[in-house]
Amino acid sequence: MKKRPVRGRGNPIALPAFLCILLAVLLLGVHCLGGEPAFEALLTRLATSERFVAGALSLELGPGGQSPVVHTPAKAASGLSLPPEPEEPFTEDEPVSESAFSAPALPAGAFSCKAETVEVSGTTGLSFDVDEMLRNPLEIRKTDGPQVLIVHTHGSEAYTSDENYRYVSEEAYRSTDTRFNVVCVGDRLTEVLEANGIQTIHCRTMFDSPAYNGSYGRSLAEIEKQLDAHPSIQVVIDLHRDDISLENGGKMSLDWALDGQEYARMMFVIGSGASGLKHDNWEQNLNWAVNLQAKLDAAYPGLMRAVNLRKQRFNQHLRPGSMIIECGASGNTLTQALRSIELFGGFLAAELNG
């Protein structure tokens, strides 16, 4: 059943504004009465309320339209441990069903045609010309030596359990078991690229564990290390899965169907220098993503979401051809994500092979 996205309700600022004022008054009172523990418990509940947090941010940043959600932390202090969610028990001795994937053959003429245009979302305030990029594409072709680097800045991001991949979350939709998180998706992408002659380095380190804060700094150090050791690398993929909450508390599943099978929709996320950090390659990265997506849109309409251009740099300043790939969302299953990344891997390999 298709799930509906979150719908706004009333003024998102009013309740947080009132509560912030009320809490300021109460803080002095509870301090005098020795009620700090109870007050801390109340603050914890508010900090985990998505609606309250969004409204509180609006007090500082001003209200705005809803923007795409990209690799949002499961909670404010993601490095802290949470008790496992009450899911169906799983033991190491219990066999896990492995689905046999066979990616569909690329449609005839997949690389001889493009979609007429590509949608780029985001509110960076930067100027760019998608049509000009489509007329003058950045082409990256196969070279000697390792060409693709795959990392996972948020490697513990996991999916919704299904009959093929059942696991117990260490926290909401996260796991450090690489059989069930996005590292497994990176393993599959590596296999497909290597099978098609594209030498690939897959860094399986989870830079968000045990602490979420600082994960991009840790992945940056690894990317720099690999680029120094392997100058032939031209494409750097930071592989994630998205997280979009529904108003009923559930998670959105980004579904796409082909030949009767369910896939997870994917999205290219491109960083820029709009945050103030130096990033001279962002237009080249956007050009690469736009042209790759134009061919994917022509071959597999609906598989890709709009290219998302962001203010943050996301470590993409080191190589033209760098991108984040959001493969599905937490509401999707790993089965769907593996189907999608295998299809994409075959497509990317064909593009690099020319």
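Heavy atoms only: backbone and side chains are in, while hydrogens, waters and symmetry mates are out.
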Find out if a path of hydrophobic residues (ILVMFWY) with successive side-chain heavy-atom gaps under 4.5 Å connects [X] to [Y].
| X | Y | result |
| --- | --- | --- |
| Leu338 | Val183 | no |
| Ile150 | Leu318 | no |
| Leu189 | Met323 | yes |
| Val235 | Leu220 | no |
| Ile198 | Phe347 | yes |

* Lys311/Ser272 under side chain to side chain donor-acceptor pair (under 3.5 Å): CA gap, chis, key distance, verdict -> CA-CA 5 Å; Lys311 292 181 178 181; Ser272 72; over 6 Å; no
* Chi angles and distances behind the side-chain contact (heavy atoms from CB on, under 4.5 Å) call for His152, His202 -> CA-CA 9 Å; His152 305 277; His202 181 203; 2.7 Å; yes
* Apply side chain to side chain donor-acceptor pair (under 3.5 Å) to the pair Ser253 and Asp255, showing each step before the final yes or no. => CA-CA 6 Å; Ser253 179; Asp255 299 334; 2.5 Å; yes
Just how far is it from atom [atom1] of [X] to atom [atom2] of [Y], taken to the nearest 0.5 Å?
| X | Y | atom1 | atom2 | result |
| --- | --- | --- | --- | --- |
| Cys113 | Asp297 | SG | CG | 11.0 Å |
| Arg305 | Ser121 | CZ | OG | 8.5 Å |
| Tyr165 | Arg179 | OH | CZ | 11.0 Å |
| Met266 | Trp256 | CE | CH2 | 9.0 Å |
| Gln336 | Glu262 | CD | CD | 5.5 Å |
| Thr143 | Gln199 | OG1 | CD | 8.0 Å |

Are the side chain of [X] and the backbone of [Y] linked by a donor-acceptor contact shorter than 3.5 Å?
| X | Y | value |
| --- | --- | --- |
| Ser156 | Thr176 | no |
| Arg319 | Ile233 | yes |
| Glu157 | Val182 | no |
| Asn181 | Ser175 | yes |
| Gln316 | Val269 | yes |

* Structure fact -> Per side-chain contact (heavy atoms from CB on, under 4.5 Å), Ile237 is matched among Ile324, Leu193, Thr200, Leu348 by Leu348
* Checking side-chain contact (heavy atoms from CB on, under 4.5 Å) against Phe268, which of Asn308, Leu309, Leu296, Val120 comes through? -> Leu296
Can you list every pair that meets salt bridge (Lys or Arg N to Asp or Glu O under 4.0 Å) and has a residue in [range], with sequence neighbours left out?
| range | result |
| --- | --- |
| residues 269-287 | Lys278-Asp280 |
| residues 123-136 | Glu132-Arg135 |
| residues 190-205 | Asp187-Arg204, Arg188-Glu191 |

Within-4.5 Å side-chain heavy-atom neighbours: [X] and [Y]:
| X | Y | value |
| --- | --- | --- |
| Asp208 | Arg174 | yes |
| Leu352 | Ile140 | yes |
| His279 | Leu277 | no |
| Ser340 | Tyr300 | no |
| Lys251 | Asp243 | yes |
| Phe128 | Met133 | yes |
| Thr335 | Glu163 | no |
| Phe344 | Leu292 | yes |

* Trp288/Asn281 under side-chain contact (heavy atoms from CB on, under 4.5 Å): CA gap, chis, key distance, verdict -> CA-CA 11 Å; Trp288 163 246; Asn281 297 332; over 6 Å; no
* Between Lys142, Lys295, Lys114, which is the residue that forms a salt bridge (charged side-chain N to carboxylate O under 4.0 Å, His left out) with Glu351? -> Lys295
* Verify the distance criterion only: is there a donor paired with an acceptor across the side chains of Asn287 and Asn291 at less than 3.5 Å? => yes
* **Donor-acceptor side-chain pairing of Asn315 and Ser219 below 3.5 angstrom** => yes
* To do: Take Tyr173 and Arg241, measure what side-chain contact (heavy atoms from CB on, under 4.5 Å) needs, and give me the verdict at the end.
  => CA-CA 10 Å; Tyr173 299 94; Arg241 66 102 177 97; 3.7 Å; yes
* To do: Check step by step if side-chain contact (heavy atoms from CB on, under 4.5 Å) holds for Met252 and Asp242.
  => CA-CA 9 Å; Met252 179 178 286; Asp242 211 338; over 6 Å; no
Taking all non-hydrogen atoms of both residues into account, name the closest pair between [X] and [Y] and its distance.
| X | Y | answer |
| --- | --- | --- |
| Val185 | Cys327 | CG1-SG, 4.2 Å |
| Asn332 | Tyr263 | ND2-O, 4.3 Å |
| Ser322 | Ile270 | O-CD1, 3.9 Å |
| Ser330 | Thr160 | O-OG1, 2.6 Å |
| Trp282 | Gly271 | CB-O, 3.4 Å |
| Val236 | Leu227 | CG2-CD2, 4.4 Å |

* Structure fact -> Which of Phe207, Tyr212, Phe314 passes ring-ring contact (aromatic ring centres under 6.0 Å, His included) with His154? Answer is Tyr212
